[in-house]
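Protein chains get the first letters and strands the later ones, always in sequence-line order, with residue 1 at the start of each.
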Amino acid sequence: MCNCMYNNSPLCPCSKVPDHVILSGGLNNRYWVVDVEERPGSKTLTISCSKSLHPTETCLLKDGWEMTPVHCGDVVHLEGCSDGGSWLVDREQGFLVLLPDSLISGTSISNSIRCMRRAVLGDMFKSFDGGSKQMLNGTMVHEVFQRAATAKDFSLEKLSKLADEALQGPRYLGDMYALGVSQEEMKQELHDYLPSLQHWANTPSNSRAPSNRQDPATVVTVTELADIEENVWAPRFGLKGKIDVTARVRIQRPRNGSHRMPEENTVPLELKTGKESNSIEHRSQVILYTLMSLERYNPETGFLLYLKTGNMHPVAPSHMDRRELLKLRNTLVHHIHNSVEQEAERSRLSRLPDILTNRQTCQYCPQKRNCALYERAVDPSAADVSEDVVQDLLQQETGHLTLPHLNYFSHWLLLCCLEATTMEAKNSRKRVWLQTVQESEKNGSCVGNLQLSGPVTVQSEGVFLHRFQRSSVASQQGLASGDRIVVSDQEGRLVGLATGYLCEISRKAISCTLDRDLSKFSGVLFRVDGDEGVVGLSTHLTNLSRLMENCPDSDRLRELVVDLRSPEFISNLSSVLPREAKDTVANILKGLNKPQKQAMKKVLLSKDYTLIVGMPGTGKTTTICTLVPALESVEQGGVSNHTEAALIHMLLSLLLKAGCKPSDVGVIAPYRQQLKSISALLQSSAFTGVEVNTVDKYQGRDKSLIVLSFVRSTLGELLKDWRRLNVAITRAKHKLLMVGSAATLRRYTPVEKLLNHLQQENMISFRNYLGTFTELFPSPFLVTARSPLLVSNTSVGFTLSVGTHTTHTVLLSHSLMNYM
DNA sequence: CCTCTGCTAAGAGGA
Ligand code: SF4
Ligand code: SF4
């Protein structure tokens, strides 16, 4: 008789194995849990690797494994050996990997050591504590190391050249800006590491294993850096991760007098730029990496390399280390998969592991707001009944919220979790490692028997064009050019080697762009699988979390979105519509019908937002598309471009820090609205003296340095006048910075000629800044910049920022997102 | 029952 909560009801997951579940025996086995029998100190699972659930085997869990949160209807992987269909997992042998096809990253698991709750929350919500200077430095030192390794050159000259490239390149500028750190400060930080990098690369490392301190040092020589940023999916252990450096090392262990042959081994190296803590978290990461690479090169040991000092710490994992980390993974994956539970036919959020009562850990926890919000969402009385420490945390993080706010949060969190559960069930990524090429090719999402043909060409930074030849001709074809793909080897040893996009596919060959260069695998037989990706709901959940933040922007949004305060409107159109713009707007409105015109008028008067509601086909999209030019003309030339304004602010900050005199700098923009936007950002006293003006105001004068903001991707009426453009670009005595979209501006002959000329003379360089700017807009709804509109990252709407005082938030369906 | 939506991502370090 079953005694679990399903109680043999029709919902009982054991009554049938769902179609999407794939079971198998063998080394990479997948068992369905048919029954769980608990005894004090042990747990016995009845399992089957056949979908008919026949025959069954048993698995005895003990010595702590009985605490594994495994239930009927779970899929498990078993490591170890079975004796005629009965498995034993205990202190000494075997592993049970719960839900192995959910690959968990090494960092998530090492994160769970301190607080399991934090790791679970971290999987749901991206944390965005904005990072820190040290973190950015860490990323940059990693990059310098990796580039030096690729170039096989660790000389100081090369290292400082790479460091300067990283500092000056567009990649990290946005991060530096967001952190308020100048390139100079960053440079000092970064350059501190270069000598020890150089030293490490050029001397064998004496690494002392803690166990044999009395022995003379074991000498480790890195003979080759075999791979950088290796991507590993290890479905046998339910793990994934990116290994900083895969190195071949020679390990010379001294043994009392007798000379031992040095051992050669391929091992993972984990680089750290922070304190040489050799902490349990760092060591755990390495232990997990060695486990993940078991099938690739079976490393006995891994190393932690602290770049500040250049010291290498060996990490030789024991069975116990692996066992305990896999137990943590099982608990983590259990919580991730069971975020929703059923009670009395209703879904509700599951409880998470308890909040720590350790003030120290929670104080610096990047998830503390979500932690408190979640607690109050599942337990409305938590704020009163919890322990003092917990109450303090709840008060501090959620004290500003009302009951409706909390209810809103838990309602949408629940819906997102439900959605995530259905998405997870449909996730077909596991086919890559659970199905053979033949099986996968049948349903069309896979191409196998591929061999590299021809050289790999670098298309751009981190984009490698590969060509493969098919040795067998498949008839079925489900993959099309443009599809997201993942490349693995056919044997299943190198799963998830690279991801990318399919370019061309024919019966005999395919070409694709990948994120890694696979040329060293020339003899390998590959498979390419379509990859729908596992896009979670973390963006939505992060927005939801920010909506609950204690800050003015979020306060206002909560008022509008949760408390449903009615949006306000300006009473009189003429107060926002200047006389000159009347005709233009009237002209624009001509093409619209009456309700559409009414909607337009409402939007023009809107202070908060306007909802345009209508049956399909009533022209909502048309209305909104008309809105854009109308809003543009609402203020005289009221066009502004926040991206460019922010970019100019950043450029000026850097220039002034580099020693430019403010009075030598002039900013030119064709629209007054843009001048206001820029001036608003230049309020701080550092910018006093910088002149911000229209082209006409600069007639007959010049500046040492001119920054020109084009604002629109089209030239607009103002700059179309060739003479005006001429004036604008000839105001600079020493340096001219033009900010705009080169690709689209080139459509105008004068600009095209100008850019071509400058390019020929090698007088201009192009930088791509788009994409680095999301950090610059710390508004609750993360916006990505696209001139001249700010398009929000959520699928529920977007924000138009045009005009002085009004941010028009327009909520609409997906169709417009496509249109844009 | 079907399709479409959305789209690097695992880690950067500090107490
Ligand atoms: S889930 Fe398992 S224990 Fe629960 S009712 Fe179904 S068979 Fe019984
Ligand atoms: S605030 Fe404390 S209890 Fe909550 S997730 Fe963070 S560390 Fe864990």
Side-chain angles (χ1 to χ4, degrees), chain A residues 19 103-111 114-115 119 122-123 126-146 166 171-172 175 179 186 189-190 193 229-234 239-244 270-277 279 281-282 284-286 288-289 292 304 306-308 358-366 368 416 419-420 422-423 426-427 429 461-463 482-486 496 498-501 513-516 530-541 543 771 774 784 792-796 813-818:
Chain A
D19 287 341
L103 306 183
I104 306 289
S105 73
T107 41
S108 297
I109 298 173
S110 61
N111 230 334
R114 282 287 183 95
C115 176
D123 189 84
K126 290 185 250 178
S127 76
F128 46 85
D129 44 357
S132 64
K133 186 170 149 190
Q134 289 86 342
M135 273 163 112
L136 180 56
N137 181 57
T139 312
M140 293 176 78
V141 175
H142 269 75
E143 170 155 328
V144 170
F145 185 101
Q146 285 160 358
R171 186 115 154 241
Y172 302 109
D175 297 305
L179 287 168
M186 215 55 227
E189 192 93 3
L190 188 51
Y193 283 83
E229 289 269 280
E230 186 183 4
N231 189 54
V232 188
W233 290 354
L239 298 174
K240 66 180 167 189
K242 279 197 158 65
I243 298 175
D244 280 340
E270 173 61 20
L271 311 186
K272 295 289 175 199
T273 47
K275 223 178 34 208
E276 190 176 338
S277 63
S279 65
E281 280 88 355
H282 287 177
S284 298
Q285 244 178 299
V286 178
L288 290 165
Y289 292 146
M292 280 177 223
L304 268 171
Y306 288 97
L307 293 172
K308 204 175 227 162
N358 176 346
R359 235 178 265 260
Q360 270 295 317
T361 310
C362 295
Q363 189 184 351
Y364 299 104
C365 171
K368 64 180 168 184
C416 284
E419 174 98 16
T422 30
M423 277 163 67
K426 280 194 291 189
N427 176 17
R429 182 175 271 180
E461 178 86 53
V463 182
D483 283 358
R484 270 183 69 104
I485 49 160
V486 51
T499 55
Y501 295 89
T513 53
L514 300 175
D515 59 346
R516 313 203 59 236
D531 186 27
E532 282 135 52
V534 220
V535 187
L537 290 151
S538 61
T539 307
H540 300 277
L541 287 176
N543 285 336
T774 41
T784 53
S792 89
N793 216 353
T794 64
S795 58
V796 293
S813 62
H814 285 124
S815 55
L816 190 79
M817 299 301 285
N818 296 335

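Whole-Å rounding puts the A:Glu143 CD to B:dG11 P distance at 17 Å. Remark: P of B:dG11 and CD1 of A:Ile243 are 9 Å apart, rounded to the nearest angstrom. Following rounding to the nearest Å, A:His282 (NE2) and B:dG13 (P) show an atom-to-atom distance of 7 Å. Taking atom CD1 on A:Ile109 and atom P on B:dA10, their separation rounds to 12 Å, with Å as the unit. Atom pair A:Leu271:CG and B:dG13:C1' shows a separation of 14 Å (rounding to whole Å applied). To the nearest angstrom, C1' of B:dC7 lies 14 Å from CG of A:Asp515. Nucleotide B:dG6 holds its P atom 16 Å from the CG atom of A:Asp483, rounded to whole Å. Protein atom CG of A:Asp531 is 9 Å distant from nucleotide atom P of B:dA9, rounded to whole Å.
Among B:dG6, B:dA12, B:dA15, the nucleotide with an atom closest to any side-chain atom of A:Met135 is B:dA12. Among the nucleotides B:dG13, B:dT5, B:dC7, the one closest to the side chain of A:Arg484 is B:dC7. Among B:dG13, B:dG14, B:dG6, the nucleotide with an atom closest to any side-chain atom of A:His142 is B:dG13. Which of B:dA10, B:dA12, B:dG13 sits closest to the side chain of A:Lys242 comes down to B:dA10. Considering only the side chain of A:Gln134, B:dG14 comes nearest among B:dG14, B:dC4, B:dA12. Looking at the side chain of A:Glu270, the nearest of the listed nucleotides B:dA12, B:dC4, B:dA10 is B:dA12.
When each of A:Asn111 and A:Trp233 is assigned the nucleotide of DNA chain B with its nearest heavy atom, A:Trp233 is the one assigned upstream, toward the 5' end. Residues A:Tyr501 and A:Lys272 each lie close to DNA chain B; by heavy-atom proximity, the contact nearer the 5' end of the strand is made by A:Tyr501.
Between A:Glu276 and A:Lys308 there is no salt bridge, since no side-chain N of the basic residue sits under 4.0 Å from a carboxylate O of the acidic one.
Looking at residues two or more places apart in sequence or on another chain, you find no ring pair (Phe, Tyr, Trp, His ring centres under 6.0 Å) involving A:Tyr193. With sequence neighbours excluded, the residues satisfying ring pair (Phe, Tyr, Trp, His ring centres under 6.0 Å) with A:Phe145 are A:Phe154, A:Trp200.
Among the protein residues, A:Asp244 comes within range of the sugar-phosphate backbone only, with heavy atoms under 4.0 Å from sugar or phosphate atoms but none that close to a base. Heavy atoms of A:Gly131 sit nowhere under 4.0 angstrom from any nucleic acid atom.
In this structure a side-chain-to-backbone donor-acceptor pair under 3.5 Å is missing from A:Asp531 to A:Arg484.
Interatomic distance, A:Leu514 CG to A:Thr499 OG1, rounded to the nearest 0.5 Å: 7.5 Å. The structure places CD of A:Glu189 at 10.5 Å from CE of A:Met140, a figure rounded to the nearest 0.5 Å.
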Given Watson-Crick and G-U pairs under 3.5 Å, DNA chain B in dot-bracket ([ ] crossing, | other strand) is ...............
Mind running side chain to side chain contact (heavy atoms under 4.5 Å, CB included) on A:Leu307 and A:Lys272 for me, showing each step along the way? CA-CA 6 Å; A:Leu307 293 172; A:Lys272 295 289 175 199; over 6 Å; no
A:Asn231/A:Asp515 under side chain to side chain contact (heavy atoms under 4.5 Å, CB included): CA gap, chis, key distance, verdict: CA-CA 10 Å; A:Asn231 189 54; A:Asp515 59 346; 6.0 Å; no
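Using a 4.0 Å cut-off, some side-chain N or O of A:Thr107 falls inside it from OP1 or OP2 of B:dG11. Within the 4.0 Å cut-off from OP1 or OP2 of B:dG11, at least one side-chain nitrogen or oxygen of A:Tyr289 is found. Contact annotation: A:Lys275 does not reach the phosphate of B:dG14 (side-chain N/O to OP1 or OP2, under 4.0 Å). Put simply, A:Thr499 has no side-chain N or O that comes within less than 4.0 Å of OP1 or OP2 on B:dT8. One finds a side-chain N or O of A:Ser105 lying less than 4.0 angstrom from the OP1 or OP2 phosphate oxygen of B:dG11.
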